[in-house]
Number of protein chains: 2
Amino acid sequence: MRPRDEHKEQQIRQKAIEMIVAEGLDGFGVNKLAKAAGVSPATIYIYHKDKEELISSLCVSVAEKMMAFSLRSFSPDMDFAEGLKVQWRNRLEYFMECPLDMEFIEIMRYTHFYEKVTAMLTVSFGQILGVFMRNAEEKQQLVPLPFEVYWAIAYAPLYQLIKFHNQGNSYVNSSFTLDDKLMEQTLGLVLKALKPL
Amino acid sequence: MRPRDEHKEQQIRQKAIEMIVAEGLDGFGVNKLAKAAGVSPATIYIYHKDKEELISSLCVSVAEKMMAFSLRSFSPDMDFAEGLKVQWRNRLEYFMECPLDMEFIEIMRYTHFYEKVTAMLTVSFGQILGVFMRNAEEKQQLVPLPFEVYWAIAYAPLYQLIKFHNQGNSYVNSSFTLDDKLMEQTLGLVLKALKPL
DNA sequence: CAAATATAAGTGAGCGTTCGCTTATTTAAA
DNA sequence: TTTAAATAAGCGAACGCTCACTTATATTTG
């Protein structure tokens, strides 16, 4: 039996993400992908049932990688300020190391493909960070809040900054770059909002 | 000369938005739209050059409507807390009155169609809200910040709550509904982050 | 009738997918 | 050790279908 050339499947996955980031979901096609990956269209169907399953599998694997990354050196028992800082650092670091992945996930976020990702994130992510939040409340390092309000304050600003960075500009500045200093400043304000007193 | 049936164009625009919200950009097609709107495909091309222009025009008109709405009873001279509250109220009200529009814009936000909207928003929106922000800083009702950091803290949390509401759940709760009380609570925290002292 | 709207019935390009076949590798009988 | 059967990877070409868009014709107004 002829063995699989794992390099081929890697090329397929890599090029698919690149294509979707560069041209959007519209610009993405199986034949085009085959050409870009240096592979026959039929080869793609050895690894994937159909286009749908291919894209879904990309979403899930990227999301898993991102999640694993963002939980590095993190524990739900950490003090609130420290734990949130670790979270922000990890997310920023991931975004710096894998900007394509990050853009890819942002594009997929508003498609039906993302439902599977949400389901996964709900169990793995929500549980750990839910515990972190409740712990922090008990230690009186965080004002008591509904989870959604907490999440909206604690993480949405970071993603907005990343969004500005990705599009290279905001509503008033024609060029914008996210760096460590800006992240620290924003995190400082978020902590101010969430800490008691 | 036979006059245009303006009702037809309205139907086309309305159904297009409904289709894109319900089935995403993939599920959207000109022939399908024609059937849904009770119109011949060719009729659509009387009003629109091509599919691209049709979608673009929807984006721009919805975004304009949303912007006008969110600036109601607002002036850049307002005190910071009051002005921000008006902004949040307007956005929430728009979202309650026109949930389809809001979802539509969120879907389009990560496609290439949105570039034209960004360009428009940059001049109309950024200028007014940029002035509001600088005024508030001068009155010492707002800590001095880069515009992007300000925006990320001041508005991103609201949009995150709307996102949770639209998908009907968050990472830990299987059902979530955004209401006035939650908005007030979140806005309170945001103001705490942004006010001096 | 003149002029524009509206339509039903296309048209051809491009899409996802599959078919018939070749190639590379393993297995195991001779 | 040789070698042929077995098997899955891999491929180029094309199929059927859907899509955005057009054409030829009819309809409705001034």
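First the proteins, then the strands, lettered A, B, ... as listed; each starts at 1.
- The nearest heavy atom of DNA chain D to Lys51(B) and to Ile46(A) marks one nucleotide each, and the one closer to the 5' end goes with Ile46(A).
- Using a 4.0 Å heavy-atom cutoff across all strands shown, Val30(A) reaches at least one base atom of the nucleic acid.
- The base of dG10(D) is not paired with the side chain of Ser40(A) by any donor and acceptor separated by under 3.5 Å.
- Under the 6.0 Å distance and 45° angle rule, Arg91(A) does not count as a cation-pi partner of Phe95(A).
- The shortest distance between the side-chain N/O atoms of Tyr45(B) and the OP1/OP2 oxygens of dT23(D) is not below 4.0 Å.
- Between the side chains of His165(B) and Gln160(B), no donor-acceptor pair is found at a separation under 3.5 Å.
- Rounded to an integer number of Å, the gap from Tyr47(A) OH to dG10(D) C1' is 9 Å.
- Atom CD of Glu9(A) and atom P of dA8(D) are 18 Å apart (whole Å).
- Side-chain contact check for Glu6(B) and Gln10(B): no donor-acceptor pair (N or O, by modelled atom type) lies under 3.5 Å.
- Ring geometry for Phe132(A) versus Phe80(A): interplanar angle under 30°, hence parallel rather than tilted (30 to 60°).
- The distance between atom CD of Glu6(A) and atom C1' of dG10(D), rounded to the nearest whole Å, is 14 Å.
- Taking every nucleotide of DNA chain C with any atom under 4.0 Å from a non-hydrogen atom of chain A, the first and last of them, 5' to 3', are dG16(C) to dT26(C).
- Looking at heavy-atom distances under 4.0 Å, Asn31(A) makes contact with a base.
- Atom NZ in Lys8(B) sits roughly 14 Å away from atom P in dT27(D) (whole-Å rounding).
- Going from atom CG of Leu129(A) over to atom CG of Leu84(A) covers 9.5 Å, rounded to the nearest 0.5 Å.
- Position along DNA chain C of the nearest nucleotide to Asp5(B) versus Pro41(B) favours Asp5(B) as the more 5'-ward residue.
- The distance from atom NE2 of His7(A) to atom P of dG10(D) is 11 Å, rounded to the nearest whole Å.
- Following rounding to the nearest Å, Ile12(A) (CD1) and dG10(D) (C1') show an atom-to-atom distance of 10 Å.
- The nearest whole Å value for the distance from the CZ atom in Phe28(B) to the P atom in dT18(D) is 18 Å.
- Summarising the local packing, CD of Gln140(A) is surrounded by 12 or fewer heavy atoms from other residues, nucleotides or ligands at distances under 6.0 Å.
- Rounded to an integer number of Å, the gap from Asp26(A) CG to dC19(D) P is 14 Å.
- When hydrophobic side chains of Ile, Leu, Val, Met, Phe, Trp and Tyr are connected at separations under 4.5 Å, Tyr110(A) ends up clustered with Tyr110(B).
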